[in-house]
Structures are given as structure tokens and as C-alpha cells.
Amino acid sequence: MKFFTEDFQNFFKDLSQNNHTNWFHAHKNEYETHVKKPFEQLIGDLISEISKHEDLGNITIKDCILRINKDIRFSKDKSPYNTHVTAFISKGGGKDKSIPGLFLRLSTESIGIMGGCFGPDKTQIDQIRKFIQDNLSSFQSINSSPAFISKYGKIQGESLKRIPEDLVDIAQTEPLILNKQWYFVTEMDASFLQNPKLFSEIMECYHTAKPINDFLTKAISK
């Protein structure tokens, strides 16, 4: 199924040159038709398909999609709109990025697909480190699988600059235990947005990410 047309990219190309409220309101119908509705359709279909493989609770399309309006309160760039659309499909949706899930960002430049645990709090960080320590061989097996490396490369995230004494020994074996985030990203060219195989490719990324997402979910659920 094809979700997007060339008008999706054209809208954001124009928005990047006219990023102000008057222009956006004058082109609201184009946004609704070529961006918002097809993106909602994609996310709705992904929620339905992913729900066959894990419990997403009562999450809705609205819960998953982040607003196109930027939070400019603390930003030097005061342009009011993002030039991309984003969604986070998990039990927590866009309001809780500590729950591992599928994150999408679609723009004129690329299709970004991310998994893992992007925003854990201190308690969750400690839980993940303890779970890695207690299940080291399982974690390393998942993290080093050919399918994961081929699709995502490696787990990323900010890590501790100073190593606590209780982590010195295991950090030599598994440096990722020092992370404060555990996420991974793959990108496709934006031209693939108009490809009928877009949905199946995203689901392939989901299935590749699922073992690590499941591992991290178990860690923070304890």
C-alpha cells in the first residue's frame, strides 16, 4: 500500500522556506490532506499490526503522534513548526519515551526508524544495568546478532564519563552497561516514502528490533 505522494515532501520543502504561522494556516488543507491524514493512516496500520506481536494496551494514533508545533520556549530557533513528522509506537506513546518501542521520523531528507530505550529515568537506568549484568550472555547474543548489526549497526546512547567502582569489572566485558540510554537507529532515503513496500520495510525493522526492545522492557518492568 502506498501512503504518501510527492506532495508530502513538497509541503515540507515549502514549509522550510516559509516557517511561520500565517503561511501554515493558509496551507492547512494541504497539510491535512498530504501529511496528517496519510501519516495517521500509516501509524494506525502499524499499531494494528504491532498489536499482533505485543500488548500495546489501549494506545491510540493520537497518543503516538507528536505535534508538528515545536516547543520554542528554550530554543534559539523560533520557527514554530517542525519540518518532519514523528511518532512513537509503544504502550506509553509519545508521552513516555522510556518505554522501548518503534520511533519514526519522516522528512524530506530521510526516513528515520529507531528502537530501544531513549529516555529512561534513574531507576530504570539502574534496572537495565542490573538486568544486563544478570543476563550478560543473552544481552550480548541479541546485540551481536547479524540481523541487528545489518539493520541498525550498534546500540547508541550517552554513557557515564566516570566509571563507578561496582561497574569497573563488567564494563571491561560489556561497555554498554555504562550507558544512560540504549537506542539504535536506521535510516532510508526519503524517496522510499512513496514506495508501496514502506509498511513492510518498517515492520521488518520492528521485528529486527524486537529482541532488544523485549530485553529492555523486561529490565524496566522488574
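As the structure is a prediction and not an experimental result, all values here were calculated from the model. What you see below is based on every heavy atom in this structure, not just the backbone, and it leaves out hydrogens, waters and symmetry mates.
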### Task
Show your reasoning for whether side chain to side chain contact (heavy atoms under 4.5 Å, CB included) applies to Cys64 and Ile47.
CA-CA 9 Å; Cys64 295; Ile47 290 172; 3.8 Å; yes
### Message
Evaluate Lys52 against Glu49 for salt bridge (Lys or Arg N to Asp or Glu O under 4.0 Å), listing each step before the verdict.
### Response
CA-CA 6 Å; Lys52 298 176 184 177; Glu49 185 63 24; 3.0 Å; yes
### Check against side-chain hydrogen bond (donor to acceptor under 3.5 Å, both in side chains), Tyr206 and Glu54
CA-CA 11 Å; Tyr206 164 80; Glu54 66 177 274; 2.6 Å; yes
### Task
Decide yes or no on side chain to side chain contact (heavy atoms under 4.5 Å, CB included) for Ile65 and Glu40, but give the supporting numbers first.
CA-CA 8 Å; Ile65 295 178; Glu40 287 178 342; 3.8 Å; yes
### Query
Could you go step by step and tell me if Gln181 and Gln156 meet the side-chain hydrogen bond (donor to acceptor under 3.5 Å, both in side chains) rule?
CA-CA 7 Å; Gln181 303 165 304; Gln156 303 179 48; over 6 Å; no
#### Entry: salt bridge (Lys or Arg N to Asp or Glu O under 4.0 Å) assessment of Lys130 paired with Asp126
CA-CA 6 Å; Lys130 180 67 164 59; Asp126 291 340; over 6 Å; no
### Task
Show the numbers, then the answer: is there a side chain to side chain contact (heavy atoms under 4.5 Å, CB included) between Thr108 and Phe8?
CA-CA 8 Å; Thr108 60; Phe8 174 91; 5.9 Å; no
#### Entry: Stepwise side chain to side chain contact (heavy atoms under 4.5 Å, CB included) check, Glu174 with Leu136
CA-CA 8 Å; Glu174 182 48 78; Leu136 185 59; 3.6 Å; yes
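Using modelled atom types and a 3.5 Å distance limit, the side chains of Lys70 and Ser79 yield a donor-acceptor pair. Counting only N and O atoms by type, the side chains of Ser48 and Asp45 include no donor and acceptor under 3.5 Å apart. The closest side-chain donor-acceptor pair between Gln194 and Gln9 falls under 3.5 angstrom.
Rounding to the nearest 0.5 angstrom, the gap separating the NZ atom in Lys36 from the CD1 atom in Ile68 is 10.0 Å. Distance check, rounded to the nearest 0.5 Å: CD of Glu158 to CG of Leu160 gives 8.5 Å. Taken from CZ in Phe88 to NZ in Lys97, the straight-line distance is 7.5 Å, to the nearest 0.5 Å. How far CD of Glu187 is from CZ of Phe192: 14.5 Å, rounded to the nearest 0.5 Å. Between the CG atom in Asp7 and the CD atom in Glu30 there is a gap of 8.0 Å [rounded to 0.5 Å]. Here the CG-CG distance, from Leu198 to Asn195, works out to 7.5 Å after rounding to the nearest 0.5 Å.
Side-chain atoms of Asn18 and His20, non-hydrogen and from C-beta on, do get closer than 4.5 Å to each other. No side-chain heavy atom of Ser98 sits less than 4.5 Å from a side-chain heavy atom of Asp121. Looking only at side-chain heavy atoms (C-beta outward), Leu104 and Ile111 stay at 4.5 Å or farther from each other. The shortest distance between side-chain heavy atoms of Trp182 and Ile212 does not fall below 4.5 Å. Residues Ile113 and Met188 form a side-chain contact, since some pair of their non-hydrogen atoms from C-beta on lies under 4.5 Å apart. Under the 4.5 Å side-chain criterion, counting only non-hydrogen atoms from C-beta, Phe118 is not in contact with Phe103. Considering only heavy atoms from C-beta on, Pro80 comes within 4.5 Å of Asn19 through its side chain. Side-chain atoms of Ser138 and Ile142, non-hydrogen and from C-beta on, do get closer than 4.5 Å to each other.
Salt-bridge check for Lys91 with Asp55: passed, with a basic side-chain N closer than 4.0 Å to an acidic carboxylate O. Salt-bridge formation is detected for the pair Glu201/Lys151: a Lys NZ or Arg NE/NH1/NH2 atom is positioned less than 4.0 Å from an Asp or Glu carboxylate oxygen. By the 4.0 Å N-to-carboxylate-O rule, Lys218 lies too far from Asp214 to be salt-bridged with it.
Classified by interplanar angle (parallel below 30°, tilted 30° to 60°, perpendicular above 60°), the ring pair Trp23/Phe11 is tilted.
Residues Gly115 and Asn213 approach most closely at C-OD1, 3.9 Å, considering heavy atoms. Closest approach of Asn82 and Asn69 over heavy atoms only: ND2-O, 4.0 Å. Heavy atoms only, all atoms of each residue included: Ala171 and Ile177 are closest at CA-CG2, 4.1 Å. Here the closest heavy-atom approach between residue Cys205 and residue Tyr152 is recorded as O-OH, 2.9 Å. In this structure, Gln133 and Asp166 approach most closely via the heavy-atom pair NE2-O, 4.5 Å. For the residue pair Cys117 and Pro100, the shortest heavy atom distance occurs at CB-CG, 4.4 Å.
Ser150 places no side-chain N or O within 3.5 Å of a backbone atom of Ala147 that could act as its donor or acceptor partner.
Both Leu102 and Val85 are assigned to one and the same hydrophobic cluster, defined by single-linkage of ILVMFWY side chains at heavy-atom distances under 4.5 Å. Met114 and Ile220 fall into different hydrophobic clusters, where Ile, Leu, Val, Met, Phe, Trp and Tyr side chains are chained together by heavy-atom contacts under 4.5 Å. No single ILVMFWY cluster, assembled from side-chain heavy atoms under 4.5 Å apart, contains both Val185 and Phe215. Tyr183 and Leu216 sit in two unconnected hydrophobic clusters of ILVMFWY residues. Membership requires side-chain heavy atoms under 4.5 Å apart, directly or through other members. Hydrophobic clustering places Leu167 together with Phe139 (ILVMFWY residues linked when any side-chain heavy atoms are closer than 4.5 Å, directly or through intermediates).
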